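Reading through the structure tokens given below for one structure.
In this text the structure is predicted, and so the values were computed from the model without any measurement.
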Amino acid sequence: MTAPLPSPGAPLQHYVSTAPFDPMSVEVMTDEQAKIHLASQTRLMWWKFKRHKLALASGIFLLLLYGMIIIAEFLAPYNLHTRNVDFIHSPPQRVRLFHEGQFVGPFVYGRTMQLDLKTLKRNYTENRKDVEPIRFFCRGDSYRFWGLVESNIHLVCPAKDGQMFLLGTDRLGRDVLSRIIYGARISLSIGLIGITISFVLGIIIGGLAGYHGGLFDLLVQRVIEVLQSLPSLPLWMALAAIMPVTWSPILIYFGITIILGMLDWTGLARSVRSKLLALREEDYVLAAQLMGAKSPRIIGRHLVPGFMSHLIATATISIPGMILGETALSFLGLGLRPPITSWGILLTEARSVSVIAFYPWLLFPMIPVILVILAFNFLGDGLRDAADPYR
């Protein structure tokens, strides 16, 4: 027997179940499917980034380097300014483990120096009877940790009354390895500070130009065209030469950093502008405007996150460019100046062909520059792919 139909004009009866509803009951998924389906955006990005083995290794390498600069004084075998006048232009020493067939741990052989009166070159020979064990977590040259705390504890030290120059010494008898470790603090930090300035300027100027357009966009594009038409290296040299020679090394450091950051924002600004020109017509932008959102909020909360992968890739590629810029300026004598030490300043020791021919180990500061640039490029590729995990 069927239920009677409601009479015309009578209100329809609605029935709502009060039982709890489990949305997962609609579609049954395996544990592996649920793991991916319920994962957050950050976790998906991390999973995809881990699949890029080269980028993961580069990221770990860069993290170790930036962690190293925090404790550079502890890691360096010698103080930055320690001079060993008896070992000027000493070649790198080889670390050994066995002496006359017996294991004695890491050590180096002592050296004797003889001056060639014809070429005035110092010739060093190993003394196989002088075994100098390498010490770990030891007391050596005194230093001030970050210029604040006095200490003399090092990770690795030469033997008592011995020497240990794993990468050789320079014309003043200073350990090249220790100076490379100290120089990393300046060369690596200048890239981070510079890209921060460039990133802020590029997003703000490019974002306003792309979102509002009009006269401001026209002026910004003309300024960018003028800056990009100028050769980078001569422009850097000209601006660096303007800084007074009476400035302290710290002021010169910040001056070079600001110059590199203010000249590198143009490419990022153009990229942000082109993206915003396409995204500002989307419906969600109009909805945000109707709700009373201001331009900075719309740009920062709704538009910029939409192409964050491109911004990440641009930033990671720009950092090595700034490191190279500082290295080039310091190598030409127009950047940082002693007593500040950077990789570029260390390479000034190898400006002469004769010096390179006799003392090739003075080119060792070029190796970390190359490794850091390659690591940032590989990291940028991995982050760019991971920022869009659904592709």
Side-chain angles (χ1 to χ4, degrees), residues 61 63-99 102-113 122 124-189 249-250 336 338-343 345-349 359 361-365 367-368 371:
F61 171 71
L63 284 176
L64 292 176
L65 276 185
Y66 278 97
M68 179 195 73
I69 67 177
I70 300 176
I71 55 174
E73 295 90 348
F74 169 71
L75 296 177
Y78 292 90
N79 187 285
L80 175 62
H81 305 293
T82 297
R83 298 176 57 184
N84 302 275
V85 294
D86 294 330
F87 296 91
I88 293 175
H89 281 149
S90 174
Q93 291 177 280
R94 178 182 172 185
V95 178
R96 305 171 186 270
L97 298 176
F98 295 90
H99 173 65
Q102 294 182 348
F103 178 80
V104 296
F107 72 94
V108 294
Y109 286 120
R111 284 182 169 177
T112 57
M113 187 273 292
R122 293 174 172 84
Y124 292 89
T125 57
E126 287 186 341
N127 182 2
R128 292 303 182 98
K129 296 182 180 180
D130 184 12
V131 177
E132 299 181 354
I134 298 175
R135 298 179 294 149
F136 295 92
F137 297 100
C138 46
R139 297 189 179 274
D141 291 348
S142 297
Y143 59 83
R144 294 184 65 84
F145 187 74
W146 283 88
L148 301 174
V149 182
E150 190 75 25
S151 180
N152 61 356
I153 300 176
H154 297 261
L155 174 64
V156 59
C157 303
K160 294 282 188 179
D161 300 324
Q163 304 297 330
M164 182 188 65
F165 308 117
L166 302 183
L167 297 183
T169 60
D170 61 8
R171 59 186 177 86
L172 297 178
R174 296 172 297 190
D175 181 44
V176 173
L177 174 60
S178 298
R179 291 176 63 77
I180 289 177
I181 295 175
Y182 276 94
R185 176 174 291 173
I186 299 298
S187 295
L188 293 178
S189 63
I250 297 297
L336 303 174
I340 284 184
T341 301
S342 70
W343 292 337
I345 291 178
L346 295 180
L347 287 173
T348 59
E349 299 277 345
Y359 318 114
W361 57 87
L362 295 180
L363 287 174
F364 281 149
I367 297 177
L371 293 178

Heavy atoms, side chains only, cut-off 4.5 Å: are I71 and F145 in contact?
yes
Could you pull out the closest heavy-atom pair between P77 and M164, with the gap in Å?
CB-CE, 3.7 Å
Treating N79 as the side-chain partner and H81 as the backbone partner, does any N or O pair qualify as donor plus acceptor under 3.5 Å?
yes
side-chain contact (heavy atoms from CB on, under 4.5 Å) for I134 and V156? Distances and angles first, verdict last.
CA-CA 7 Å; I134 298 175; V156 59; 3.2 Å; yes
Salt bridge (charged side-chain N to carboxylate O under 4.0 Å, His left out) for R111 and E132? Distances and angles first, verdict last.
CA-CA 10 Å; R111 284 182 169 177; E132 299 181 354; over 6 Å; no
Does any non-hydrogen side-chain atom of L346 lie less than 4.5 Å from one of I180?
yes
Qualifying residues under ring pair (Phe, Tyr, Trp, His ring centres under 6.0 Å), relative to F165, sequence neighbours excluded
Y78, F87
Look only at the side chain of N152 and the backbone of R139, and say whether a donor-acceptor pair between them is shorter than 3.5 Å.
no
Does atom CD of E150 have more than 12 heavy-atom neighbours from other groups under 6.0 Å away?
yes
Judged by atom type as modelled, is there a donor-acceptor pair below 3.5 Å linking the side chain of S90 to the main-chain atoms of T169?
no
How long is the straight-line distance from CD of E126 back to CD of Q93, given to the nearest 0.5 Å?
7.5 Å
Supply the atom-to-atom distance I181 CD1 to I69 CD1, rounded to the nearest 0.5 angstrom.
12.5 Å
If you round to the nearest 0.5 Å, how far is CG of D175 from CD of Q163?
9.5 Å
I'd like to check F137 versus F74 (side-chain heavy atoms, cut-off strictly below 4.5 Å). Are they in contact?
yes
Is the closest side-chain heavy-atom distance between W361 and L166 below 4.5 Å?
no
Taking everything shown except R94 itself, do over 12 heavy atoms lie less than 6.0 Å from its CZ?
no
Which atom names give the shortest non-hydrogen contact between L97 and F107, and what distance separates them?
C-CE2, 3.7 Å
Is any side-chain heavy atom of E349 less than 4.5 Å from a side-chain heavy atom of R179?
no
Taking the side chain as C-beta and beyond, is there a heavy-atom pair between Y109 and V131 under 4.5 Å?
yes
When rounded to the nearest 0.5 Å, the distance separating CD1 of I186 from CD1 of I340 is 5.0 Å
Just by distance, do the side chain of S187 and the backbone of W343 share a donor-acceptor pair under 3.5 Å?
yes
Might you work through the side-chain contact (heavy atoms from CB on, under 4.5 Å) test for L362 and D170, ending with a clear yes or no?
CA-CA 7 Å; L362 295 180; D170 61 8; 4.1 Å; yes
Close side-chain approach of P133 to V104, heavy-atom, < 4.5 Å
no
What pairs of residues pass the disulfide bond (SG atoms under 2.5 Å apart) test when at least one of them lies in residues 142-178, not counting sequence neighbours?
C138-C157
Run the side-chain contact (heavy atoms from CB on, under 4.5 Å) check on R171 and Y359 step by step: do they pass?
CA-CA 10 Å; R171 59 186 177 86; Y359 318 114; over 6 Å; no
Under a 3.5 Å distance rule, please check whether Y143 uses its side chain to pair with a backbone N or O of I153 as donor and acceptor.
yes
To the nearest 0.5 angstrom, please state how far the CG atom of D86 sits from the CZ atom of R122.
9.5 Å
So, does R135 use its side chain to make a donor-acceptor pair with the main chain of P158 at under 3.5 Å?
yes
Side-chain touch M113/H89, heavy atoms, less than 4.5 angstrom:
no
Evaluate the criterion side-chain contact (heavy atoms from CB on, under 4.5 Å) for residue pair R185 and W146; output intermediate values, then yes/no.
CA-CA 11 Å; R185 176 174 291 173; W146 283 88; 3.6 Å; yes
Going by atom types alone, do T112 and T125 pair a side-chain donor with an acceptor below 3.5 Å?
yes
What closest approach, in Å, do R174 and T82 show between heavy atoms, and which atom pair accounts for it?
CG-O, 3.3 Å
